[in-house]
Chemist: 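Okay, handing you the structure first.
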Amino acid sequence: MEAMDFRREELRSAHGAVCRGSVDFPTVEFEYGDTDSRGAELAELYSYTEEPELSTNRRCFEEEFCPQARGRQWPQLDMAQQKAHILRLLEGLEVVSRERRLRAARAILYLAQGVFGDCESEGDVLHWSRHNSFLLYQLGTFSAFLELLSMEIDNSQACSSALRKPAISLADSTELRVLLSVMYLLVENIRVELETDPPEWKSCRETFRTELSFPVRSDEPFALLLFTMVTKFCSGHAPHFPMKKVLLLLWKVLLPLMKQDSLDIYNERDPFKNDEAGVDEEEGDEVDGGIEGELDLMERDALLPTIPAQRPPIERVLFPKGLPWAPKVRQKDIEHFLEASRNKFIGFTLGQDTETLIGLPRPIHESVKTLKQHKYISISDVQIKNEEELEKCPMSLGEEEVQETPCEVLYRAILYNLPQYMIALLKILLAAAPTSKAKTDSINILADVLPEEMPITVLQSMKLGIDVNRHKEIIVKSISALLLLLLKHFKLNHIYQFEYVSQHLVFANCIPLILKFFNQNIMSYITAKNSISVLDYPHCTVHDLPELTAESLEAGDNNQFCWRNLFSCINLLRILNKLTKWKHSRTMMLVVFKSAPILKRALKVKQAMMQLYVLKLLKIQTKYLGRQWRKSNMKTMSAIYQKVRHRMNDDWAYGNDIDARPWDFQAEECTLRASIEAFNSRRYDKPQDSEFAPVDNCLQSVLGQRLELPEDFHYSYELWLEREVFSQPIRWEELLRYQ
């Protein structure tokens, strides 16, 4: 962590050529993380239109609680009394009456919201929200609400009622919003780890993670149910689903699951942090260990033996001798170098042979030696090689042992409907993007923010306008974080799982969609003030609401930037990097869609991490943009050279690279798709009649097997005989010839 903090400070103070010379846009002090603060994440669950429902939840709780409490408040009860009351509320979820079930669910939601009626400060609300969330989970609340959610999803009456309405509002999704809110609060409060957590909370958290990862009562993980809600909403069969809450819950459910597949082991084996260069390399190694290691872990995932720990730092001033990263070389880079050298000096090549150097001059020998010193073998390369061997020798190598990680369980669950899930997520992202125009055929993502009665005053209209914009920003944030999470951890689990998701994102036009998102005034988007802090949870629950005016709504808050919008921008850039890295055809898509000017405008945001990913995207397409572009963008070229890691023989700034070949998108993607399908078929398709199964050649045995025929077969048996047997001529010559 210290290395990461050091790297962040280093990047923040070293924007260099990208940031100098502009006084219009100040440097953005932004700390990237998996999520925002807990208070901010809880606040984004609710729209401002839902504020009156907070008092409704409190009233439902107090109607049930006050007769039992005898004048005492919830914090004054001991643990046994609190558990007894929660069990009474859970019994209320099992009654037949829909209204009584909803009142009991609202009372439980009030507990999960932190019994704010008994609190004096925001900190107290957050404390009791967390305390009650662990208590609710221990008593089986999550399982009970999961059953209720499944019932509501299958409620055809609610779906048909929503389809008949010309305009859908908050009232159409009341039950779903209450259920999803309780589940989100449980997931978010239990997910966050604090040093002061008692041991029973820590074991409870692990149990919860296991329950979400490996379903006990059903055959599918909880995340699959939420993915199904997304596709059902996008298909138009359930337009009343509160999609913002569904997406936030889906993201937060996957976050702790994916975290279990830790990345730390791969960082520890990074040869570019722990080489034997000694003290002279220490500062360069520390600089290299932050942003690059944190942001693009799979760039540096090497399979090496365990390396001893670093020496303690020596207190003396060190000056870097070169660029703040170590160069890396792939096996393919060495092969390409030798292929070009052999063609030049001896007139023929030796394929993938990198050992034979006969006939090549001495400098080439030295170059190959240097390249091999910086060679790394990524996890992805190892997995691809293993896959090729399993395809060649399936019998001798036997069946592969697949570890049952949360990633593996999730991939297996979503595999066959994954294309629909990706298309649905991108549809919602398109509808929520600020650059998209309203169309009659686009999906309505405002069902859980629009009130039953539309505003009649200017102030109400302004408040609703801010709420709608905030609602869209939160949807963009959740989808961008969700897609990045899937890409990162599927790549860690198996490269072809990552490629499968990536390819379907590309086929669904994810690349032009992200470029369209950035084709706006990105500084305005990042500094947008679509929030009313006095209405945010938990502030609004413990403070009196001041009188809102048009001026106060226009002024917004005093923050320099909007955390969620900058977070979304960085996530989308990271997704674009992952989709295009080492993919020539997709890089050419960036060129064809004229992404360079769009990305260059994004460099106006003075935030080191965002600029790093913009520069990476510019670097991979620089050789195709022409000499004139490079001449007129020398500041950008210098920034790329200073900030982005380069390969040892990386010819990124010129057009004479071996990859500067004609653009054949279809062939490259088809080859990749064939490899993905072979992987999915081998690992996940378990056919009964395998091509390697023994063949039964005994006529009596084959004729004696019982075949399951459809129930109506005997009705059409004679017709089947006439059509398939008697009316078909038998070609005896061909039959005898084959025998």
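Because the structure is predicted, anything quoted here is derived from the model rather than measured.
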Chemist: Using salt bridge (charged side-chain N to carboxylate O under 4.0 Å, His left out) as the criterion, list what pairs up with Arg98, not counting sequence neighbours.
Modeler: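 Arg98: salt bridge (charged side-chain N to carboxylate O under 4.0 Å, His left out) contacts with Glu152, Glu175.
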Chemist: Could I get the full list of salt bridge (charged side-chain N to carboxylate O under 4.0 Å, His left out) partners for Asp197, not counting sequence neighbours?
Modeler: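 Partners of Asp197 under the salt bridge (charged side-chain N to carboxylate O under 4.0 Å, His left out) test: Arg130, Arg205.
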Chemist: Can you tell me which residue pairs pass the salt bridge (Lys or Arg N to Asp or Glu O under 4.0 Å) test with a partner in residues 413-426, sequence neighbours excluded?
Modeler: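 Qualifying pairs, neighbours excluded: none.
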Chemist: If only side-chain N and O atoms count, and only distance matters, is there a donor-acceptor pair under 3.5 Å linking Trp74 with Asn132?
Modeler: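 Looking only at side-chain atoms, Trp74 and Asn132 do form a donor-acceptor pair, the distance falling under 3.5 Å.
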Chemist: Does any donor atom in the side chain of Ser173 or Asp448 lie under 3.5 Å from an acceptor atom in the other side chain?
Modeler: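 There is no such pair (donor and acceptor under 3.5 Å, judged by atom type) between the side chains of Ser173 and Asp448.
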Chemist: Please check if any side-chain donor atom of Arg177 sits under 3.5 Å from a side-chain acceptor atom of Ser181, or the reverse.
Modeler: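 Absent: no donor and acceptor within the cut-off.
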Chemist: What residues form a ring-ring contact (aromatic ring centres under 6.0 Å, His included) with Phe227, not counting sequence neighbours?
Modeler: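 Scan of Phe227 (ring-ring contact (aromatic ring centres under 6.0 Å, His included), adjacent residues dropped) gives Tyr421.
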Chemist: Distance-only check: which donor-acceptor pairs under 3.5 Å involve side-chain atoms of residues 244-258, not counting sequence neighbours?
Modeler:
| from | atom 1 | to | atom 2 | distance (Å) |
| --- | --- | --- | --- | --- |
| Lys244 | NZ | Glu44 | O | 3.1 |
| Lys244 | NZ | Leu45 | O | 3.4 |
| Lys245 | NZ | Leu45 | O | 3.0 |
| Lys245 | NZ | Glu50 | OE1 | 2.8 |
| Lys245 | NZ | Glu50 | OE2 | 3.0 |
| Lys252 | NZ | Glu41 | OE1 | 2.9 |
| Lys252 | NZ | Tyr184 | OH | 2.9 |
| Lys252 | NZ | Glu188 | OE1 | 3.1 |

Chemist: How about Phe142 and Phe222: are their ring centres within less than 6.0 Å of each other?
Modeler: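 They qualify: ring centres under 6.0 Å apart.
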Chemist: Would you confirm whether the ring centroid of Tyr110 sits within less than 6.0 angstrom of the ring centroid of Phe61?
Modeler: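 Yes - the distance between ring centres of Phe61 and Tyr110 falls below the 6.0 Å cut-off.
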Chemist: Return the CZ to CG distance between Phe498 and Leu579, rounded to the nearest 0.5 Å.
Modeler: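 Spacing of CZ (Phe498) from CG (Leu579) equals 6.5 Å.
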Chemist: Please list all pairs passing the salt bridge (Lys or Arg N to Asp or Glu O under 4.0 Å) test where one or both residues lie in residues 64-73, with sequence neighbours left out.
Modeler: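 Sorted result for residues 64-73: empty, none.
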Chemist: Would the Phe567 and Phe30 ring centres measure less than 6.0 Å apart?
Modeler: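 No, they do not, as the ring centres are separated by 6.0 Å or more.
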